Structures are given as structure tokens and as C-alpha cells.
2 protein chains.
Amino acid sequence: MPKRVDHEERRAQIAEALIRVAGRRGLHAVGMRDVAAEAGVSLRLVQYYFETKEKLLFHGLQHLTDRFTARVGARLAATGPEPGPRATAEALLLASLPTDEEGRTFHLVYSSYAILSVTDEALASQPFVDHPDAAENALTGLLEQAREAGLTAPDIDARVEAISLLAMTATMGTSILVGQRDPESAVAVLHHHLDRIFTPGPTQAVATGRA
Amino acid sequence: MPKRVDHEERRAQIAEALIRVAGRRGLHAVGMRDVAAEAGVSLRLVQYYFETKEKLLFHGLQHLTDRFTARVGARLAATGPEPGPRATAEALLLASLPTDEEGRTFHLVYSSYAILSVTDEALASQPFVDHPDAAENALTGLLEQAREAGLTAPDIDARVEAISLLAMTATMGTSILVGQRDPESAVAVLHHHLDRIFTPGPTQAVATGRA
DNA sequence: CTCTTGATGGTACGACCGTACCATAAAAAT
DNA sequence: ATTTTTATGGTACGGTCGTACCATCAAGAG
């Protein structure tokens with residue numbers, strides 16, 4: 001046989017081609033031939049690594065969420081070591097906003113999958129329950145922790161605020177995509193709410209004995 | 001010639017068939033044959049009243065927004081005569097939530113159009129700029145008016161709050177569609193923010209000399 | 001050195017989809 | 001009464017799409 005090839009690597013390569021063409025022409029318009037051409041392989045190869053289009057689409061979603069999680073992590077890491085709760089929350093939210101090309105593709109394709117999953121039961125809508133739930137729980141925990149550290153208004157409802165922030169971010173992302181809103185405006189709205197939630201307070205509570 | 005027929009009426013009939021099947025099987029999956037069957041007419045008739053599928057889709061969007069506007073108006077009227085700013089805002093927001101079958105279809109199909117318009121330039125994304133802008137301006141005006149009447153916290157930023165409320169409503173609508181959130185939870189979040197914005201205040205400022 | 005097996009190419013099939021073409025019945029215009 | 005126009009039906013064409021089938025080449029296994 002020819003050189004043994006790493007299946008997962010090939011599948012990742014093809015999945016990324018799928019995401020690229022979906023970001024360019026829309027998820028509804030991607031065919032297996034388009035994916036093959038974008039990945040630089042033959043149609044037969046796409047069939048070989050993903051038997052059916054349904055499985056290809058499913059893996060594409062999985063790959064997309066993985067890449068997005070990595071992106072958020074990178075953004076978080078880029079805010080410097082040991083970021084405070086507010087900086088963490090801000091990085092989390094801003095990473096979801098389509099401000100660059102990668103973010104644009106993420107938001108568009110992920111939204112396409114979400115809408116698609118409402119009517120196509122083949123595409124399990126499980127990811128659209130689990131993934132947002134995880135984000136919501138993470139942000140809720142962050143806000144609770146900040147509140148207990150005295151960094152927020154003392155009477156905030158952490159979960160409600162987490163839901164609200166994530167929800168606003170998602171819709172404003174779509175607004176940016178369709179050209180209704182510019183990114184700066186969206187960021188300003190988010191800052192408004194973060195300012196409302198996080199009080200100026202005792203200016204860094206831990207590890208920095210009052211600068 | 002046979003009985004003269006009202007073209008606009010027939011077009012409306014077909015457009016509603018389009019919306020129904022799009023709500024059932026997804027906008028990406030609707031073909032002209034499906035629309036024809038759903039409307040109870042022949043494929044040729046759909047071609048006759050809408051030359052091309054592109055024009056059919058465009059008119060479908062137009063019809064959808066019209067019907068949605070009517071729905072919001074009906075909800076508003078149902079809140080009784082002379083509703084206060086808070087009741088008005090609440091009716092506006094709740095009407096957009098997919099709590100009944102009609103709302104579900106509205107939200108799903110409208111979202112599908114929005115996502116579609118990002119990549120298919122044929123579908124003018126103009127409606128996705130104009131229509132949300134109008135809603136945002138209306139709600140902003142409502143909040144400003146309420147603030148000047150002393151019904152809200154005196155320092156609210158009307159536009160930012162309007163944007164936030166509408167954005168939260170939209171995303172939570174999608175969350176309901178995919179089964180991540182139940183309608184009651186979404187309503188609770190909206191109430192939380194309405195409670196934050198609208199102060200109990202002087203309990204009706206006008207026309208009711210202190211109950 | 002065979003022989004199996006994994007990786008890949010090419011291509012054809014059946015189904016569907018949007019559109020175009022041709023036909024026809026019936027009301028209105030002449 | 002004839003002719004034009006309008007509404008409608010049926011159907012066929014060209015393209016595309018997902019999938020299945022068949023072939024081939026090369027690297028390990030025996």
C-alpha cells in the first residue's frame with residue numbers, strides 16, 4: 001500500500017476545507033465536490049474519509065467548535081498572565097464577535113449549523129445545547145467568583161447576567177455580519193454592561209497589595 | 001380568458017405556502033415544487049406569478065416581515081388600550097419570542113433569511129439592516145419617552161438598552177428553537193432587565209392622579 | 001516474491017431542481 | 001363571431017448533487 005496516512009489528520013484537512021467554503025459561499029451551498037476541490041483532493045477521497053455527506057457535516061461542526069474553543073483560549077492567553085475576572089469575561093465575549101476574518105467565518109458557519117439543526121434532525125442539535133450551556137456555566141461561575149471577591153455589584157444575578165451577555169454578543173455578531181452594526185458599536189454595548197456589572201471596587205483584590 | 005384573478009392575492013397565497021414549508025423543512029430545503037404542492041397549485045403557476053425562484057424568495061421575505069409587523073401590532077393591541085411604555089416594550093419583545101407555532105416559524109424563517117443573505121448577495125441584505133434599525137429606533141424612542149416621564153432610572157442610555165433588549169431577545173429565541181432554553185426562562189431574563197430599566201417610580205405618571 | 005490491503009482516481013447512475021417550452025380553455029375585446 | 005389575451009396544465013431539458021462501482025498503484029505481510 002502507499003504511504004500510510006493519518007486518518008484524523010486528513011479528516012481535519014477536509015473539515016477545514018468544508019469550513020472555508022461554507023464561510024465563503026454559505027453552508028447550504030457546499031457540495032462534496034466543492035470541499036474536495038478546496039482541500040485539494042479528489043471527490044473520491046472525501047467519500048473515503050467521510051462515507052456520507054451527513055457524516056462530513058457532522059464532523060465539520062465538531063471541528064468548528066474545537067477550533068473556536070482554541071481561539072477563545074488563545075485570546076484568553078493573550079490578555080496576559082493571571083487575568084482578572086473582568087478581563088477574562090471580556091476576552092470570552094470579544095472572541096465570539098466577528099471582528100476578523102476567522103471570527104466572521106466562525107460566527108457565520110456556526111449560526112448556519114444552528115439554524116440547520118432546527119429542521120434537519122440528522123444534524124444532532126445536541127451541540128447547540130451542550131456548547132452554549134458550557135459557555136453559560138463558565139461565565140456564570142466567573143461572575144459568581146467575581147461577586148464573592150467584591151469585584152461586582154453585590155446584588156447581581158450571575159446566571160442572568162451571563163445569559164444576557166452571551167445572548168447580546170451572539171445577536172450583535174449576526175448584526176455585524178449583515179452590515180447593520182459595526183464592531184465598535186457592539187464592543188461599546190458590551191463594555192456598557194461590563195461596566196454596570198463590574199464595579200471599580202477595591203482595584204484588584206488579590207496578589208497585588210494596593211498599587 | 002378565465003376568471004380574472006387578483007395577482008397580489010395569489011402571490012400572497014403562494015408566499016404563505018413558502019413560509020409554511022420553510023418553517024417545517026427549513027428554508028434551504030424548499031423547492032418550487034414543494035411550494036406549489038403546499039399552496040395547492042401547479043408548479044407552472046408558481047412560475048407564472050413569480051418568474052424565478054430568486055424573486056419568490058425575495059417576496060417571501062417581504063411577506064414574512066409584513067406578517068410579523070402585523071403580529072406585533074396585534075399583540076400590542078391585545079395589551080389593552082393605552083398601554084404604558086413598559087407594557088409596550090414587553091409586548092414588542094415577547095412577540096418576537098418563539099412561544100407559539102407562528103412565532104416559531106417567524107423566528108426560524110427570518111433567521112434563515114438573515115444567514116442566507118450574508119453569502120447570497122442576490123437576497124438583498126437591506127431588509128436585515130432597515131428592519132432591525134426601525135425596531136431599534138422605535139424601542140429607543142419608547143425608552144427615552146419613558147425616562148423623560150420619570151418611569152425609568154434617570155441615567156439609562158436608551159439606545160444601548162434598546163439594542164441590548166432586542167439582541168437578547170433574538171438569541172434567546174434561537175436558543176428556544178434548538179431546545180437549549182425554555183420560553184419561561186427567556187421571559188424571566190427579559191423581565192429582569194425590564195425591572196432594572198423601569199423603576200417602580202411614581203406608579204403611573206400621567207392621567208391617574210396618584211391612585 | 002507473491003499476495004493482501006490501504007489509499008486513491010475516475011466515472012457513471014439515479015434523483016432532483018430550476019427553468020423553458022408547448023398546449024388549451026375561457027373570458028374579454030373587437 | 002372571431003380574435004386576442006389571461007390563467008393554467010403538462011412536460012421535457014440541462015445541470016448538479018450524493019452515492020456507488022470499478023480500477024490501480026504501492027507498501028507491508030507471508
Side-chain angles (χ1 to χ4, degrees), chain A residues 1-22 24-61 109 112-113 116-117 119-123, chain B residues 1-22 24-61 109 112-113 116-117 119-123:
Chain A
M1 23 182 152
K3 53 183 164 70
R4 289 289 285 260
V5 87
D6 184 343
H7 272 225
E8 283 317 307
E9 190 178 331
R10 265 264 192 279
R11 285 163 65 89
Q13 169 195 358
I14 295 174
E16 276 186 30
L18 160 66
I19 292 169
R20 275 199 303 275
V21 57
R24 211 178 319 124
R25 295 212 288 271
L27 186 62
H28 67 282
V30 309
M32 311 203 72
R33 286 166 178 84
D34 303 292
V35 175
E38 177 79 19
V41 300
S42 75
L43 168 61
R44 181 64 182 84
L45 257 275
V46 179
Q47 279 190 276
Y48 184 68
Y49 288 101
F50 304 91
E51 317 268 318
T52 178
K53 187 186 184 183
E54 188 174 292
K55 291 178 183 167
L56 169 61
L57 283 177
F58 194 82
H59 187 81
L61 172 58
V109 180
S112 302
Y113 269 112
L116 205 59
S117 80
T119 45
D120 288 26
E121 72 274 9
L123 218 60
Chain B
M1 22 182 152
K3 53 183 163 72
R4 290 290 285 259
V5 89
D6 184 344
H7 272 225
E8 283 317 308
E9 189 179 332
R10 264 265 193 278
R11 285 164 64 90
Q13 170 196 357
I14 295 174
E16 277 186 29
L18 161 65
I19 292 169
R20 276 198 304 273
V21 58
R24 212 179 317 127
R25 296 214 285 272
L27 186 62
H28 68 281
V30 309
M32 311 205 73
R33 285 166 178 84
D34 303 291
V35 175
E38 177 79 18
V41 300
S42 76
L43 168 62
R44 181 64 182 81
L45 256 274
V46 180
Q47 279 191 276
Y48 183 69
Y49 288 101
F50 305 90
E51 316 270 316
T52 177
K53 187 186 184 182
E54 188 175 292
K55 291 178 184 167
L56 170 62
L57 283 176
F58 193 82
H59 187 81
L61 172 59
V109 181
S112 302
Y113 268 113
L116 205 60
S117 80
T119 45
D120 288 25
E121 72 274 7
L123 218 60

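Naming convention: chains lettered A, B, ... in sequence-line order (proteins, then strands); numbering from 1 in each chain. Computed from a prediction, not measured in an experiment: that's the story for all the values here. As a basis for the values below, the full set of heavy atoms in this structure was taken, side chains included, without hydrogen atoms, waters or symmetry mates.
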>> Run the salt bridge (charged side-chain N to carboxylate O under 4.0 Å, His left out) test against B/Glu9 and tell me which residues pass, sequence neighbours left out.
In response: none

>> In the structure I gave you, are the side-chain heavy atoms of B/His28 and A/Asp120 within less than 4.5 Å of one another anywhere?
In response: yes

> Considering residues at least two apart in sequence or located in another chain, which fulfil the side-chain hydrogen bond (donor to acceptor under 3.5 Å, both in side chains) criterion with A/Glu54?
Replying inline: none

> With sugar-phosphate meaning primed atoms plus P, OP1 and OP2, does B/Phe50 contact a base, only sugar-phosphate, or nothing at under 4.0 Å between heavy atoms?
Replying inline: nothing

>> In whole Å, I'd like the distance from the CD atom of B/Glu54 to the C1' atom of C/dC17.
In response: 16 Å

> With distance as the sole test, does B/Tyr113 use its side chain to make a donor-acceptor pair with the main-chain N or O of B/Leu57 at under 3.5 Å?
Replying inline: yes

> Is A/Arg11 reaching over with its side chain to a backbone N or O of A/Tyr49, donor-acceptor style, under 3.5 angstrom?
Replying inline: yes

> With B/Glu51, which residues qualify under side-chain hydrogen bond (donor to acceptor under 3.5 Å, both in side chains), at least two apart?
Replying inline: none

> B/Lys55 has an atom NZ; how far is it from atom P of C/dT19, in whole Å?
Replying inline: 10 Å

>> At a heavy-atom distance below 4.0 Å, what parts of residues 6-17 of chain B sit against DNA chain C?
In response: none

>> With a 4.0 Å cutoff (strictly under), does any side-chain N or O of A/Tyr48 reach OP1 or OP2 of C/dG9?
In response: no

> When every nucleotide of nucleotides 10-18 of chain D is labelled 5' to 3' by its protein contacts under 4.0 Å (heavy atoms), B for base, S for sugar-phosphate only, - for none, what sequence of letters results?
Replying inline: BBB----BB

> Rounded to the nearest Å, what distance is computed from the CZ atom of residue B/Arg4 to the C1' atom of nucleotide C/dA29?
Replying inline: 11 Å

> Does the side chain of A/Val35 come within less than 4.5 Å of A/Phe50's, by heavy atoms?
Replying inline: no

>> Holding to side-chain hydrogen bond (donor to acceptor under 3.5 Å, both in side chains), I want the full list of residues that pass it with A/Arg44, two or more places apart in sequence or in another chain.
In response: none

